[in-house]
Amino acid sequence: MDRRLLILSTIFFFAAVVRSVIALRARVFRRSPFSFVMIALGFALQTMFLSMRGHAVGRCPITNLFEVLIFLAWSIALIYMLVGPAYRLSLMGVFTAPLVLLVQLFALLAPIDTPHAIQVMPNALLEFHASISIIAYGVFALACVAGAMYLVQERQLKTHELRSIFYHLPPLPTLFSAITRLLWLGFALYTAGLISGFFTGEPVPWKKVVLAVAIWVLYGAILQGRYLRSFTPRRVAALCVGAFAAALSLLWSIEFVGHHA
Amino acid sequence: MKLFCIGLSHHTAQIETRERFAGHSRSEAMLHERGCRELVLLTTCNRVEIYCCAEHDLQTWDVADCLRVNGELTTEAELRSFYRYEDPDCARHFFRVTSGLDSMVVGETEILGQTKRAYEMARARRDTGPVLHRLCQRGFRVAKQVRTATEITRGSVSVGSVAVDLAEKIFGDLRGRKVLVLGAGETSEKTLRALSARGVSDLWVSNRSPQRAEELARALDGIAVPFALWLDQCREVDILISSTSSETQLLTPALIEPMLRERPDCPLFVIDIAVPRNAAPALNDLDGVYLYDIDSLQSIAKERMELRRQQFAAAEEIIAHHVTGFWEQIAKSLGDDFTTQRSGTGAVAPALRPSESQAS
């Protein structure tokens with residue numbers, strides 16, 4: 001039953017992507033709340049799935065890579081719904097839906113939903129550490145989306161090939177301001193996640209810590225480069241996209257909550 | 001019962017005529033005396049129109065008399081500036097007006113606000129009834145639909161407005177931005193005026209002939225800079241408009257790149273409208289520099305114009321659909337009153353005064 005909820009949710013995200021592709025290819029870009037509604041419906045089903053899975057495993061449902069990816073897709077959808085309207089980035093849905101779809105499709109298709117043989121007692125701090133870190137990933141994902149939007153808009157301005165979407169995308173400074181704020185928010189959450197990881201009472205997995213710190217340093221360097229004005233806005237946007245790809249790869253190395261015992 | 005619109009606009013009358021028939025404090029009362037049951041008076045800088053619902057037809061000259069500002073008699077030539085739309089044609093015209101299709105700059109949205117204000121004023125005077133209330137409400141809906149479903153209100157169709165659109169995408173808010181014009185030609189003046197209209201207030205003009213630079217600077221409340229010193233000003237400039245007759249390239253990467261290093265966060269928008277070009281094309285390869293020459297600006301303007309033309313048909317289709325819907329709605333609720341339901345035949349020629357009719 002829970003997987004069926006997820007499949008239905010994926011269909012909603014797919015519908016949002018189809019609409020995005022049609023909108024982007026059209027000579028005339030038409031705004032519509034369709035993408036937002038589809039993402040909201042997909043998000044509602046993800047929430048139901050995570051709630052059912054949480055009850056089944058008796059803890060925050062991030063006990064294997066499958067659940068982590070679904071939790072990440074849920075975080076991205078959540079941050080989009082919180083951030084998109086606030087920054088008046090209504091087009092963000094057009095760029096967010098494909099990302100959520102990719103993450104969720106991979107989670108569904110790959111044989112990664114393996115139940116853990118060893119049952120451990122729930123650890124509140126460990127769950128806080130894991131969930132806050134994944135939400136930070138969600139924020140970085142949105143920074144990546146805003147970065148992609150910036151690059152698209154900037155490229156149109158450079159090449160003089162103005163598609164219909166040009167007139168609907170926000171000005172470069174608006175996009176850049178969204179990127180910067182998302183980076184700071186993501187960085188703060190990620191830092192909280194990283195620090196809380198040392199206080200879980202579990203043995204410290206040093207390999208994982210090194211990778212997590214590497215990602216922290218990467219985002220910190222982007223912010224520092226920005227703070228010192230040594231990176232141009234375009235470079236920051238491109239780095240946001242690249243850094244998120246690197247951060248995603250870290251997920252492979254994560255030792256899941258259930259493995260900690 | 002008849003629904004009709006009588007008026008004149010930039011399409012049919014010069015500004016002097018529009019001023020003469022702009023309406024006055026007694027216009028509404030006079031129109032009511034002549035039989036207008038419901039009445040909306042729309043006066044903007046480009047049009048003066050009355051939308052009226054009456055038991056019987058009002059003659060155009062009668063309406064002109066009510067709108068006339070001074071006492072002089074309306075001439076036949078002035079009367080011929082008036083148009084008249086009846087029943088479904090009146091609805092079609094109103095929907096075209098609210099959607100900006102009848103505007104001087106097709107697709108502009110200011111007219112919607114002006115129509116809304118005219119309606120609100122009529123409503124406050126209790127001049128609207130079931131017909132004009134429905135007409136106006138539907139007109140506002142049509143305008144919204146046309147705006148969202150077509151690109152008619154988007155994009156610019158002149159070099160100056162394309163430059164402004166691009167500048168807004170590069171800088172966001174244009175207020176406080178600094179513009180330097182090299183070479184005070186006609187196109188650069190138009191572009192400068194367009195930028196100034198969107199809030200750019202820090203305008204600098206440099207020209208080989210200092211007199212012309214000073215003239216333009218004075219006209220736009222800017223500052224003239226000696227041509228020998230333009231490069232010093234360049235360091236703080238956000239938008240650089242170049243239109244000198246120089247045969248060598250004035251703006252090269254070697255010249256601009258060191259300046260950009262001093263201001264990593266500030267993009268530079270270069271509008272090169274000179275032929276031969278003043279800026280080296282390689283300038284566009286620099287990070288943070290957006291170079292547009294006259295050809296690229298014109299080609300964007302042309303593309304937008306073509307798109308707008310295509311969107312015109314789509315907008316007219318939406319309007320036609322709403323005209324039918326509106327007329328069906330009116331016929332359904334007020335059917336007996338609206339016995340004559342003629343199909344659209346366009347503007348009706350204004351009726352002349354009996355005396356003028358005999359004379360002609």
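We name chains A, B, ... by the order of the sequence lines, and we start the count at 1 in each one. Only this structure's heavy atoms are used, side chains among them; waters, hydrogens and symmetry mates stay out.
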Side chain from CB out, backbone as N, CA, C, O: work out which of these in [X] comes under 4.5 Å of a heavy atom of chain A, or both, or neither.
{"X": "Leu260(B)", "result": "neither"}
{"X": "Phe269(B)", "result": "neither"}
{"X": "Leu291(B)", "result": "backbone"}
{"X": "Asp285(B)", "result": "backbone"}

### Message
Counting C-beta onward and ignoring hydrogens, is there a side-chain heavy-atom pair between Asp272(B) and Ile294(B) closer than 4.5 Å?
### Response
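The answer is no, as the side chains (C-beta and beyond) never meet within the 4.5 Å cut-off.
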### Message
Suppose we call two aromatic rings close when their centres sit under 6.0 Å apart. Are Tyr80(A) and Phe36(A) close by that rule?
### Response
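Yes, they do, as the ring centres are separated by less than 6.0 Å.
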#### Entry: Structural part of Glu161(A) lying under 4.5 Å from a heavy atom of chain B
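Contact with chain B: none, neither part.
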#### Entry: Structural part of Phe176(A) lying under 4.5 Å from a heavy atom of chain B
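For Phe176(A), no heavy atom lies under 4.5 Å from chain B.
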### Query
Any residues in residues 231-241 of chain A near chain B, with a heavy-atom distance under 4.5 Å, and which are they?
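Contacts with chain B: Thr232(A), Pro233(A), Arg234(A).
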### Query
To the nearest 0.5 Å, what is the distance between CG (Asp102(B)) and CG (Asn46(B))?
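Asp102(B) CG to Asn46(B) CG: 9.5 Å, rounded to 0.5 Å.
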Within the side chain of [X], is there an N or O that forms a donor-acceptor pair under 3.5 Å with the backbone of [Y]?
{"X": "Ser99(B)", "Y": "Arg96(B)", "value": "no"}
{"X": "Thr159(A)", "Y": "Arg155(A)", "value": "yes"}
{"X": "Thr191(B)", "Y": "Gly160(B)", "value": "no"}

#### Entry: Closest heavy-atom pair and its distance - Ser9(A), Gly42(A)
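In this case the closest contact between Ser9(A) and Gly42(A) is OG-O, 3.2 Å.
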### Task
Applying ring pair (Phe, Tyr, Trp, His ring centres under 6.0 Å) between Phe187(A) and each of Trp216(A), Phe140(A), Tyr227(A), Tyr219(A), report the one that passes.
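Among Trp216(A), Phe140(A), Tyr227(A), Tyr219(A), the one that satisfies the ring pair (Phe, Tyr, Trp, His ring centres under 6.0 Å) with Phe187(A) is Trp216(A).
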### Task
Determine, stepwise, if the pair Asp238(B) / Lys178(B) fulfils salt bridge (charged side-chain N to carboxylate O under 4.0 Å, His left out).
CA-CA 5 Å; Asp238(B) 298 297; Lys178(B) 182 172 175 177; over 6 Å; no
